[in-house]
Amino acid sequence: MSETELDADVTVDSRGATCPGPLMDLIGHVRTADAGTVFELLTTDSASKHDVPEWVEKAGHETLGVVDHDDEGYWSIFVRTAR
Amino acid sequence: MPGYAIVLASGQLERLQAVSNIASIAAASDIPVEVFATMDGLEAFDKDRIAAMDFEMGPVGEAMLSNEDMDMALFVDNLARASELGPISLYACELSMDALQKGLDEYADVFDDVLGVSGFLTHAADKQVIFV
């Protein structure tokens, strides 16, 4: 998915952090966000690609997409809060 | 979901990290977690030991600490952060402290209270017990 198709309201830069850091960074922000907020989580932790969408689904939010920035060694995970 | 009661008896860094990772995400997901640090698991929270990074570890622990591209949060910091995000409680084992004649103030400031076996069993009564 192209990153130009997705616009984030809030960027959470967790590059360099290892599991479960990126997910905890995201959760901390999501908890205080208004419904409908779009987050872009930047992560170099490969487990996040699966862990974050897993948590997002369980928590009732929506994963909009996962963008692989292969040339720069990180992923962008776009999440929209449902509540 | 009733949650988890984790008996943390190991002082091995890999196990400490694994417990803190699982407990942190569970709590951040609103799953209740109670961690009972006992034996070597409690000693890992000693302030001097943390300052010196003096932990028993295997190849994974060594790799996590030496990899410059990995910014690994230490187990004690993960657990402290989890306390801000969700329902997690940490307890120090009274027997272990008595054996070493130590007070709670000699350990990292993450513990909610000191418990004995009976106290832990009360807290664990409705939870899935995990022994590490």
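Below, chains carry the letters A, B, ... as their sequence lines are ordered, and counting in each starts from 1.
The aromatic rings of A:His69 and A:Tyr74 lie parallel to each other, their planes meeting at an angle below 30°, with 60° marking the opposite boundary. The aromatic rings of A:Trp55 and A:His61 sit tilted relative to each other, their planes meeting at an angle between 30° and 60°.
In this structure, the side chain to side chain contact (heavy atoms under 4.5 Å, CB included) partners of B:Ala23, at least two apart in sequence or on a different chain, are B:Ile6, B:Val33, B:Val35, B:Leu79, B:Ile88.
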Residues 9-27 of chain A side chain polar contacts: donor-acceptor under 3.5 Å, at least two apart:
{"from": "A:Asp9", "atom 1": "OD2", "to": "A:Val38", "atom 2": "N", "distance (Å)": "2.7"}
{"from": "A:Asp13", "atom 1": "OD1", "to": "A:Arg15", "atom 2": "N", "distance (Å)": "3.1"}
{"from": "A:Asp13", "atom 1": "OD1", "to": "A:Arg15", "atom 2": "NE", "distance (Å)": "2.9"}
{"from": "A:Asp13", "atom 1": "OD2", "to": "A:Arg15", "atom 2": "NE", "distance (Å)": "3.4"}
{"from": "A:Asp13", "atom 1": "OD2", "to": "A:Arg15", "atom 2": "NH2", "distance (Å)": "2.7"}
{"from": "A:Ser14", "atom 1": "OG", "to": "A:Asp25", "atom 2": "OD2", "distance (Å)": "2.5"}
{"from": "A:Asp25", "atom 1": "OD1", "to": "B:Arg81", "atom 2": "NH1", "distance (Å)": "3.0"}
{"from": "A:Asp25", "atom 1": "OD1", "to": "B:Arg81", "atom 2": "NH2", "distance (Å)": "2.5"}

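Of the two parts of B:Ala27, only the backbone, made up of N, CA, C and O, holds a non-hydrogen atom closer than 4.5 Å to a non-hydrogen atom of chain A. If you measure heavy-atom distances from B:Leu85 to chain A, the contacts under 4.5 Å come from both the backbone and the side chain. B:Asp30 touches chain A through backbone and side chain together, each having a heavy atom under 4.5 Å away.
Of all the listed residues (B:Ser29, B:Ala73, B:Ser20), the one sharing the greatest number of non-hydrogen pairs under 4.5 Å with chain A is B:Ser29.
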